[in-house]
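In what follows, a single structure is set out as structure tokens and then discussed.
What you see is a predicted model; the values in this text were computed from it and never measured.
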Amino acid sequence: MKKHILTERANLFEPNDYINFLVELDGNPDADELVSAVEAAFEANEAAMSKVVLESDGSAFYEKLPKCGCKVSVSSGNWREIVRKNEKVPFAIDRGEMVRVFVIRNGEESSLLIMSHHLAGDGKSILCFIEDIMRALSGEKLEYKPMNLITRESLPRKSELPLAVKLYTKGLNRKWNRHRKAFTWDDYYSVHSKYWSKHDSQIMCETFSEDELERIKNCAKAVGVSVNSYIAAAFLKENRNKGSLGIPVSVRSVSDKSMSNLTSGISVEYTYSDKKSFNQNAKALHDAIQHKLQSPVLRYFVLQFMLLLSPSLVDAVLLYTHGLYNSKMAKKAAGVMGYVGKSKREIGITNLTQIDIPTQYASCKIKNITFVPPAVSYARNIIGVSTLNGKMTVTYHFMGGCREYTQQNFFSRGIMNLRQCGRL
């Protein structure tokens, strides 16, 4: 049975939907052994052993390959520069290049840089992939893991959308189908080429010590909010534009270790108020987030909505956003989906929370994992958070240019707000 690309369809023509992980290692493992371990992890995951097929009717699906199309190589130098260089090279997902791994050796220091197309899986997927690499490095034999994709049947019945929304999407599809266009791989490579000819991404990182993280946790607990809400408030304090906060929501079962896209998302309208204290803002934001998370309809809204839309209309939205296709329907749908206009999110925060994979593998240990989320087109500022070995690393992924100083200042001041927790 074909594994169709449905809820994750927006990832297909997004030119910057790449997930990056830096895995810092202790124990100085042999480079050739690391390469072999990565190749074993590729072969153990269906997502890494597949290509994307795009058919003339507009449908797209994963097709398993007899030989892996993903790449692993040995490199050296600054990992950020490797990311910047390779973002500009499109992933050949039509030939099975879903993931790139770089074994970085700088003297006695070893690390793994994993660059993954979002169609290979979500952030949790790459953590499972990292665990596979480390298990293979320690001599374990890996079991093959198929992809588990979201379908209409896999979602809770209580999450079905209201009739009004169903009728609205039905109307969009009907109008689109009058002049529906099926896009091709030429469009895929063209949108990537056009986007990266004008963009250059930047990555900023900050790691909080165990003591600092403990203080943040205690402050959040005293206010009655989650650490994620507390972090979001710290950055919203530096972004006074009226807009929404986007938060991915994992719908993955605890036992699922596959490379799969198993993420929904919510958006919360909140503007930081100077008339309230920081703690009051954090509590109000947290309550708004919890309201959406506790409602099945709102929690799964994005997934249910994507299942209703014509796949080629979703493609048209991405191509319209990046100036390669123009139609009234694509423009309207782009506004509804938050790619253009006032509905575009001001801040997106992806918090992987406490990374729940082992850190010790035989003589090799994972010292830290830095998670760099994709700089997707539906949010202006993208923040990633990961916690390992008691330390929390916060990253900011943005596109450089005329606003670069403003963006750097936004991140620095948000970090300062976190470090001043309890004193704001």
Can you tell me how far [atom2] of [Y] sits from [atom1] of [X], rounded to the nearest 0.5 angstrom?
X	Y	atom1	atom2	result
N228	L285	CG	CG	9.0 Å
F13	S312	CZ	OG	10.0 Å
L22	I104	CG	CD1	6.0 Å
L313	L308	CG	CG	12.0 Å
L112	L25	CG	CG	5.0 Å
E346	S267	CD	OG	12.5 Å

Salt bridge (Lys or Arg N to Asp or Glu O under 4.0 Å) assessment of E97 paired with K51:
CA-CA 7 Å; E97 189 195 15; K51 68 175 182 178; over 6 Å; no

Can you find a pair of side-chain heavy atoms, one from [X] and one from [Y], that are under 4.5 Å apart?
X	Y	result
I133	I114	yes
V89	H192	no
M147	Y62	yes
K145	E46	no
K175	K332	yes
T151	L6	no
Y18	E87	yes
Y300	P156	yes

Check whether the ring centres of F183 and Y325 lie less than 6.0 Å apart, and answer yes or no.
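Distance test on ring centres: under 6.0 Å, yes.
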
Could you tell me if the ring centre of F129 sits under 6.0 Å from that of F21?
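Ring centroids of F129 and F21 are no less than 6.0 Å from each other.
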
Worked verdict on W79 versus F102 for side chain to side chain contact (heavy atoms under 4.5 Å, CB included):
CA-CA 9 Å; W79 68 273; F102 300 87; over 6 Å; no

Which heavy atom of [X] sits nearest to which heavy atom of [Y], and what is that distance?
X	Y	value
H397	A375	ND1-N, 3.6 Å
I82	M115	O-SD, 4.4 Å
N106	G77	OD1-N, 2.9 Å
F42	V101	CZ-CG2, 3.9 Å
N417	A234	ND2-O, 2.9 Å
W176	S327	CZ3-OG, 4.2 Å

Exercise: do [X] and [Y] side chains pair donor with acceptor under 3.5 Å:
X	Y	value
H4	S59	no
Y272	N239	no
R345	N381	no
Q354	T387	no
R105	S76	no
Y320	D315	no
S260	N148	no
H118	N261	yes
S125	R252	yes
S193	S190	no

Just list the side-chain donor-acceptor pairs under 3.5 Å for residues 361-374, sequence neighbours left out, or say none.
from: Y361; atom 1: OH; to: P358; atom 2: O; distance (Å): 2.7
from: K367; atom 1: NZ; to: E109; atom 2: OE1; distance (Å): 3.3
from: N368; atom 1: ND2; to: T393; atom 2: OG1; distance (Å): 3.2

Audit row: E24, S111, side chain to side chain donor-acceptor pair (under 3.5 Å) steps and yes/no:
CA-CA 4 Å; E24 299 173 66; S111 58; over 6 Å; no

Can N28 and S110 be said to form a side chain to side chain donor-acceptor pair (under 3.5 Å), step by step?
CA-CA 6 Å; N28 199 27; S110 298; 3.2 Å; yes

Any salt bridge linking [X] with [Y]? Criterion: basic side-chain nitrogen under 4.0 Å from a carboxylate oxygen.
X	Y	answer
K124	D256	no
E55	K2	yes
D200	R84	yes

Greater than 12 external heavy atoms within 6.0 Å of [X]'s [atom1]:
X	atom1	answer
Y339	OH	yes
K3	NZ	yes
K64	NZ	no
K292	NZ	yes
K88	NZ	yes

N281 and Y270: side chain to side chain donor-acceptor pair (under 3.5 Å), yes or no, with the steps?
CA-CA 9 Å; N281 275 284; Y270 190 83; 2.7 Å; yes

Relative to each other, are the rings of F235 and F411 parallel, tilted or perpendicular (30° and 60° limits)?
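The arrangement is parallel - the two ring planes meet at less than 30°.
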
Parallel under 30°, tilted from 30 to 60°, perpendicular over 60°: which one fits the rings of W196 and H199?
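Plane angle over 60°, so perpendicular.
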
Steps toward side chain to side chain contact (heavy atoms under 4.5 Å, CB included) verdict (Y144, E43)
CA-CA 7 Å; Y144 182 77; E43 294 175 0; over 6 Å; no

Begin with the C-alpha distance, continue with both residues' side-chain angles, and end with the deciding distance and a verdict on side chain to side chain contact (heavy atoms under 4.5 Å, CB included) for I19 and H117.
CA-CA 6 Å; I19 303 171; H117 195 286; over 6 Å; no

Side chain to side chain contact (heavy atoms under 4.5 Å, CB included) with S295: which residues, sequence neighbours excluded?
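For S295, the residues satisfying side chain to side chain contact (heavy atoms under 4.5 Å, CB included) (neighbours in sequence not counted) are V297, L298.
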
Test salt bridge (Lys or Arg N to Asp or Glu O under 4.0 Å) on R215 and D211; report intermediate values, then the result.
CA-CA 6 Å; R215 188 164 65 250; D211 289 342; over 6 Å; no

Stepwise side chain to side chain donor-acceptor pair (under 3.5 Å) test for Y189 and D94:
CA-CA 10 Å; Y189 286 104; D94 55 327; 2.6 Å; yes

Using the rule given for side chain to side chain contact (heavy atoms under 4.5 Å, CB included), can you reason through I383 versus V385, listing the C-alpha separation, both sets of side-chain angles and the distance that settles it, and then say yes or no?
CA-CA 7 Å; I383 304 292; V385 186; 4.3 Å; yes

